[in-house]
Amino acid sequence: MPDYLPHTHEDIADMLGFLGLGSLDELFDAVPAALRLASGLGLPEGLPEPDVLGRAAGRGAANGAAGLVCFAGAGAYDHEVPPVVRALAGRSEFVTAYTPYQPEVAQGGLQAIFEFQTMLSRLFGLPIANASLYDGASALVEAVNLGVGVTKRGGVLVSAGVHPQWRAVLRTFAAGTGHRIMEVPLREGVTDWSAVEKESGIGVIVAAYPNYLGCLEDLGPARRMCDERGALLALAADPVAAAIVRSPANWGADVAVGEGQPFGTPLSFGGPYLGLFCCAADHVRRLPGRLVGETLDADGRLAYVTTLRAREQDIRREKATSNVCTNQTLMALTAAVQLGWLGTSGLAEVATRCARGARYCRDAMVGIDGVEPLSGATPTLREFALHLRLPAELAIERLAEEGYLGGVALDALVGEGGDGSLGADAARHGLLVAVTERRTRDEIDGLVAALDKVLR
Amino acid sequence: MPDYLPHTHEDIADMLGFLGLGSLDELFDAVPAALRLASGLGLPEGLPEPDVLGRAAGRGAANGAAGLVCFAGAGAYDHEVPPVVRALAGRSEFVTAYTPYQPEVAQGGLQAIFEFQTMLSRLFGLPIANASLYDGASALVEAVNLGVGVTKRGGVLVSAGVHPQWRAVLRTFAAGTGHRIMEVPLREGVTDWSAVEKESGIGVIVAAYPNYLGCLEDLGPARRMCDERGALLALAADPVAAAIVRSPANWGADVAVGEGQPFGTPLSFGGPYLGLFCCAADHVRRLPGRLVGETLDADGRLAYVTTLRAREQDIRREKATSNVCTNQTLMALTAAVQLGWLGTSGLAEVATRCARGARYCRDAMVGIDGVEPLSGATPTLREFALHLRLPAELAIERLAEEGYLGGVALDALVGEGGDGSLGADAARHGLLVAVTERRTRDEIDGLVAALDKVLR
Amino acid sequence: MAASGGRASSAPLVGRDNEPTIFELSRPGRASWQLPTTKVPETPLEALVAPEHRRAAPVDVAEVSERDLVGHFTRLSHRQYSVDLGAYPLGSCTMKYNPKVCDAVAALPGLASVHPAAPAALAQGWLATLVALEAALCELAGMAAATLQPAAGAAGELTGLLLMRAHDEARGERRRRVIIPDSAHGTNPASVTLGGYETTTVRSDERGLVDLEALRAVLDTDVAGMMLTNPNTLGLFEEDIAEIARCVHEVGGLMYYDGANLNAILGVVRPGDMGFDIVHLNLHKTFATPHGGGGPGAGPVAVAEHLVEFLPGPRPVRLDSEDGEARYGWHTPERSIGRVHGWHGNALVLARALAYIEVHGADGLHKVAERAVLNANWIRERLSSTFDVAFDRPCMHEVVFSAAALHKRTGASAHDVAKGLIEEGFHPPTVAFPLIVEDALMVEPTETESYETLVALAEALERVAARAQEGTLEGSPRTTPVRRVDEARAARTLVATFDARR
Amino acid sequence: MAASGGRASSAPLVGRDNEPTIFELSRPGRASWQLPTTKVPETPLEALVAPEHRRAAPVDVAEVSERDLVGHFTRLSHRQYSVDLGAYPLGSCTMKYNPKVCDAVAALPGLASVHPAAPAALAQGWLATLVALEAALCELAGMAAATLQPAAGAAGELTGLLLMRAHDEARGERRRRVIIPDSAHGTNPASVTLGGYETTTVRSDERGLVDLEALRAVLDTDVAGMMLTNPNTLGLFEEDIAEIARCVHEVGGLMYYDGANLNAILGVVRPGDMGFDIVHLNLHKTFATPHGGGGPGAGPVAVAEHLVEFLPGPRPVRLDSEDGEARYGWHTPERSIGRVHGWHGNALVLARALAYIEVHGADGLHKVAERAVLNANWIRERLSSTFDVAFDRPCMHEVVFSAAALHKRTGASAHDVAKGLIEEGFHPPTVAFPLIVEDALMVEPTETESYETLVALAEALERVAARAQEGTLEGSPRTTPVRRVDEARAARTLVATFDARR
Ligand SMILES: Cc1ncc(COP(=O)(O)O)c(C=O)c1O
Ligand SMILES: Cc1ncc(COP(=O)(O)O)c(C=O)c1O
């Protein structure tokens, strides 16, 4: 059976002859014999493509969730991705290119990222947007690193409204950088900034908008605390909600990060996603990741190129602003295509439809016996948290039997036993429900009926 | 909801203003009012894309056959089409191009067709291959037209081994051209040429190789009859089988036609498929359809262009060799990609695997009680016909319940009551079974067991 | 040594070299194919094919690695213009943008993987698709029923002519002539011949319309019918259509509508209402099923009530059902002319067209016509001082200019203008058709091109005309992978395969 | 008026114009989006978002028709080089051909449409995928377990350093230094800093390998570990690796393997067997998950037994089951350093890599290494008289040349050579890396390029060198959509959005 290697027997003989070698094995003479694998790899023999595709399809079929109507969110959303976006973003020129080290033959990708940067800058209201980071969580880590770098203060106040898994990632990486991460609890779904009034040495304050329970918080207090302490405000913003709510810049954010998955990337079991990163112009020389800029070619023609490369590790090495090299360019390009498809009106329409669906769903659900809103009366947008009579994981299991992925159990996000502001009971019984523009009234009504049944 | 039309209100106003018109309606002033649709079309309003895609998917789900393991053939086969072929043949440059009227910007498509012509010419052994016709049946019609045109004799002997539906198409179009189509019956699965020894005025003799029952016939008698009468031999050849059996040219065919679907085109409920057409060099000026040839550009560089256009209807009008204009170029290009992927060894391998599978399946099936081979001991290749104790349509219905599309009922091909050589009983109880390289031993064993069960 | 498949120098992005053929990239011993593991016993070929049937040597197709296969065809794709790259204002061809959702429909496994001989019970979704499309097309054409079998416009024409014939014969007649205007597309007369009729050409008058007097002069009871497009191939609406139809019907002839130009009148006026009896529709033109570089298309034929009994069969039909649920089957009309396709027509093309119709709906299709006609008239007006408008009246969805005056003045023909336009980044309009206009340039912008694109196209044509004036057009195009090709040489030397090259 | 989206003049096929930005194509009132019919009550925005939270005006993204969107991005794609167009011999980057079957795997709805928070019971197929991939990677690396969370190589490095730290701390230690050779990739030192360590650079000797004496001189109990790629970034195998590992282990340090170059040694020698404790693998290099113009990739980290307890969690694991059927769940190690990704890593990239491994199998992966090394050595030998080979010993999968002599002789730098090569139809090799080689040209042909392609590449580089000699290289590239770009200007003027343009 053929493989992907073009070498014929004659090729190999010719090439070895040219090299004065007697066998392919001699190519590895530099590898000490004692270290070499004596008996080959403990892996099966290769399978033909159709068999491999069949296996993968079999694994796909074993994912029960793939067939369910999706009301799960928590930072990953089931949005419409039209065939036209898939076709364009899937063009092999974009998919099989490397990082644009030779701009003369990479104008296509570079321009698409330039357009992405512009769109994101407009969405978040900040003048600088980079070419992507790994995901929302890693973007948050970089935002904090930037903030600490600017302020030279390692204290970081993080609202407990920030996605619990992002906070976990932040904690992990703080072990290396030594930042002091302090969490600010939620009360009735909004951050209780008063709880940390006394903290000092604060370089960065982090909030989420809307927060992970879906609540729109007043960010005035956070901004004021920043002003008082000379700290930077870093916002984790939902980029879809941003189409209809106040922008990070409007709240006075110095850095805004987010998860760009909703812009054209399928749910994909969590990745590859798209870390969004924007900042004020002051901080551009500390920007993590790549940045595409405009310039001229030898003939004076407009051209695009990655710029301010002196920040990056291939030049600054240990003094680089970040270690990120390979990022998520294809997802950024996909977002540019998806946003181009949505356009000004479509983006607002999607956000509005999400909010409508969520409102409709929430109103119906809080009417069910055994369901309470978790965040009290705080306004929510496209997602909301409920307290169920049953443990949420159990409810989700039963809803799956009815054909719905009914949401995300808070337990699964914050870990059993809750986290800080979310007590063990709330975590255990908390269900986060998200509604996108794809969900129909029938589907919502169906979920509501199923939940009612499940809770009986 | 947006549509695909880019015109804004301002655009329309501007453009109408430029034209001195007051409304879009005035654009149609030339259309007599009495004729115009007063009340609009009796069609529903437009649906958004996702709804339309959902509907189509719903219709797809209503096709039970899509989920069955396919042993149906009769000229349409379930062959392997790898992702790489789909990706390349699906590139939008190929899909959304027009017929190459401007060769300077169509070298890509033209060269691909030039390569297709070369591959087909090598496969069938004849020097000239055109750029495709609608399907195998239409290619046969054109072959007969060419033969009658060359010989100036309207008598056409057609073996009953030619696909019954192709023969039907031939009869339909003969009503226009006035050819006298005479069918030559089969006996024990092979054409009984002796039955038509006395016919005169014969311009073309048509045979199939293998014939539609899967039998490999000796074509020597047909060729001899042609030689005796100065008639042309037109062969309907299976292009996959051709990889391992004698080529049309080798049998002395003047024209060879076939159905090219097996080369990269999915089953597609019967279309778009690919009419293959090859002929001897003598007849090139009577060739139907398009032909790509090589030439030079103004700088002396090799270039491709459609050639001998003077045969075509846009120039010769009523004297054209054929009326075919739009053909099946994309399928021809797909075939070039698929054949490139298969290559010399893969093409032979596919054919051999089909023959192996068919042999294995046939051997097992004829052992079942209630099953007899329909064509006696005549050798078959990738497909074979059986006589079942039950009506074949009933058997197929029951096999479907077991998960198999068990074959094609001869009835469905020849019409109830049989045709010529195939009596009503044989037609009713005849099942045509095809095995491609995709069918596994387990699948074949499963079908055999199911058939055994069904016939009990 | 074989040519390198790794050099991208044939891709216009980096170079202008020729792309080697796949045969030049081929190297014995390479391969790409991979086939599933089947565990079927590996009977040797010798035991499968008797010597008298066995091929002597394998077919030498080509031997390349998957990597080189991909490089080769990707580079070829970059040497090919397409709608997705830019405007394609080819008159008569209706090269509009094809919504990608239709590709997604055609790729659905539930549609694409169905065998055409699957019993009706197992293909209900397909039958429903075909029945729905037939109904929609009939509504658009003002007809009673349709066959979806014909694979392209020309196949539809011939089918229509055979229907005419069957109709004749059913009346015990044997009419011999079919009338066609001199502006007609070449497939019309070619089909007439294949339908067993003779073509009688009727000339166009100074309006660019059928000359009524000339028509009346050739009408008699030997006339089986008349083929017409309306708007005609000059982009003009045949205003006298009612009268034409009346005259043809009066002698017992049938009216055949060539639907290649239906885009102009969707939802405005219907062929049936104009008096036509038989209509073919080019789904690959009007209903945006992409043209594939030369096909596949589909050319369904719709007919008035009195011809339904002759339609090709088997036809997809909705069956009576007791439970009210839709059930579909096949039915062949009593006096059917028979099959015109090996199976059921270009089914996936039909599915695309239905999706296109559903997504547009009644209102959307009407808008298509409006905007197509608006665009064409804007271009007509804008360029009327640069080129001569062939006929001095508003056009429908396309407009025919004549470069004859320019040609005489500057030596630059319509052909030269076309080559110059390529350098400006546009695919040229249709040239040299229709035949009755000297140095014709036939522009069909289609409704999917924007106002800005029209302006850019007009400006580009103006620049080209200016270059003609300067005498600098001859070397065009200079920016394409190859420059002007020698068509005559191709016919003279006739190298139609790689093997004929040496 | 907005720019025309219908002009293809920016596509190299027909022209050399700039492609307008989507913002220039934009025209108020146009749109492409279509959303499903949901029948959800149309509550007005005002009732959904309180005034104090409401955005004042919609975000002005861009307003284009679907047709112009398609034209725009299709034209942009024609302005982009890619593996599918031709060879891409970027050293250190391993730009091999990516089998299309992996795209098909990643597109499977059963994989692509699964929500990452779906309960384990509903994501068994995904968990099985991850567990299978982890096992295969561990076998290839000679390690005990792995985390699949890191999204790229650099993320893997930092994860590895945090594991080092956790290991230190578990022993009650607080070591401060990590050793890195001067040839290392820039992400290594950058990660060291983020891991809270200081970088100690150790120089390479005249062999291009770690200078053992220099290494011994910097080793002490303050050293947490050493990061190394092997083969190193000069394409050379560190022959003393066993001794290096011994020395580092002797002072209590850990050995970290940067897996960017694993392609060279697949199935030949394993990092674990060389003495490494922590290994990251660049799936987007070795396992042919396409690079996407800059990502996504995946950088799983595999570790030796003694570090398993620190791995990030939650980890996909196979559960004990009574019925023998495989069941999967999540498990977080006791002393886990915590999450390093928002979810489970770049899952679809992981699925691609598994498919790649399955289709190749043990033997196929070994062949990958053999052919990659064969190709690199052939190029090395062939070009050794044209450029200086940086180090005079056989290379592994890539080779570093120095254009320093050429530069001195002709004034043409490695950068100039790269630009000249573009005109020859090849993407250039990596230039200016590794930093320790003056005027470095780092060529990595990869195993998927054929002998013919290597010959063509060598010939092209020879022609470029000859042009350097003639002094005609400076103006290159002249065939690309833009010519040499002014990188300094970009940094000076900093226009990183369309809005900053004016
Ligand atoms: C006016 C007219 N009639 C008929 C045809 C023939 O249609 P087809 O090419 O689909 O056979 C065409 C297409 O070129 C046409 O433009
Ligand atoms: C030697 C080496 N190490 C590390 C990296 C970093 O990997 P990534 O770009 O995936 O973060 C690279 C990739 O450029 C590399 O070549």
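Small disclaimer: the values here were computed from a predicted structure and weren't measured.
- Side-chain contact between C/E66 and B/P82 is absent, with no heavy-atom pair separated by less than 4.5 Å.
- For C/L374, the parts lying near chain B are the backbone and the side chain together; criterion is any non-hydrogen pair under 4.5 Å.
- Looking only at side-chain heavy atoms (C-beta outward), C/I22 and B/M119 come within less than 4.5 Å of each other.
- Between the side chains of B/E115 and C/H72, at least one donor N or O sits under 3.5 Å from an acceptor N or O.
- Using modelled atom types and a 3.5 Å distance limit, the side chains of B/Q107 and C/N18 yield no donor-acceptor pair.
- B/L43 places a side-chain heavy atom less than 4.5 Å from the side chain of C/L140.
- Side-chain contact, B/D135 with C/H341: a donor N or O sits under 3.5 Å from an acceptor N or O.
- For chain C, no part of B/D78 is nearby; none of its heavy atoms comes within less than 4.5 Å.
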- request: Could you go through the ring pair (Phe, Tyr, Trp, His ring centres under 6.0 Å) check for B/F269 and C/H344 one step at a time?
  value: CA-CA 8 Å; B/F269 204 52; C/H344 320 301; 4.7 Å; yes
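- Classification of the C/F73-B/F94 ring pair by plane angle, with boundaries at 30° and 60°, yields perpendicular.
- You'll find the side chain of B/R122 reaches within 4.5 Å of the side chain of C/D60, heavy atoms only.
- In terms of heavy-atom pairs under 4.5 Å with chain C, the best-connected choice from B/E80, B/E49, B/E45, B/H7 is B/H7.
- Below 30°, between 30° and 60°, or above 60°: for B/Y98 and C/Y88 the angle between ring planes is above 60°, a perpendicular geometry.
- Residues C/T193 and B/K319 are not in side-chain contact: their nearest non-hydrogen atoms beyond the backbone lie 4.5 Å or more apart.
- Contact tally against chain C (heavy-atom pairs below 4.5 Å) for B/Q117, B/R55, B/R438, B/Q111: the top residue is B/Q111.
- Salt-bridge check for B/D442 with C/K39: failed, with every basic side-chain N at 4.0 Å or more from each acidic carboxylate O.
- Taking the six-membered ring for Trp and the full ring otherwise, the centers of C/H360 and B/Y4 sit less than 6.0 Å from each other.
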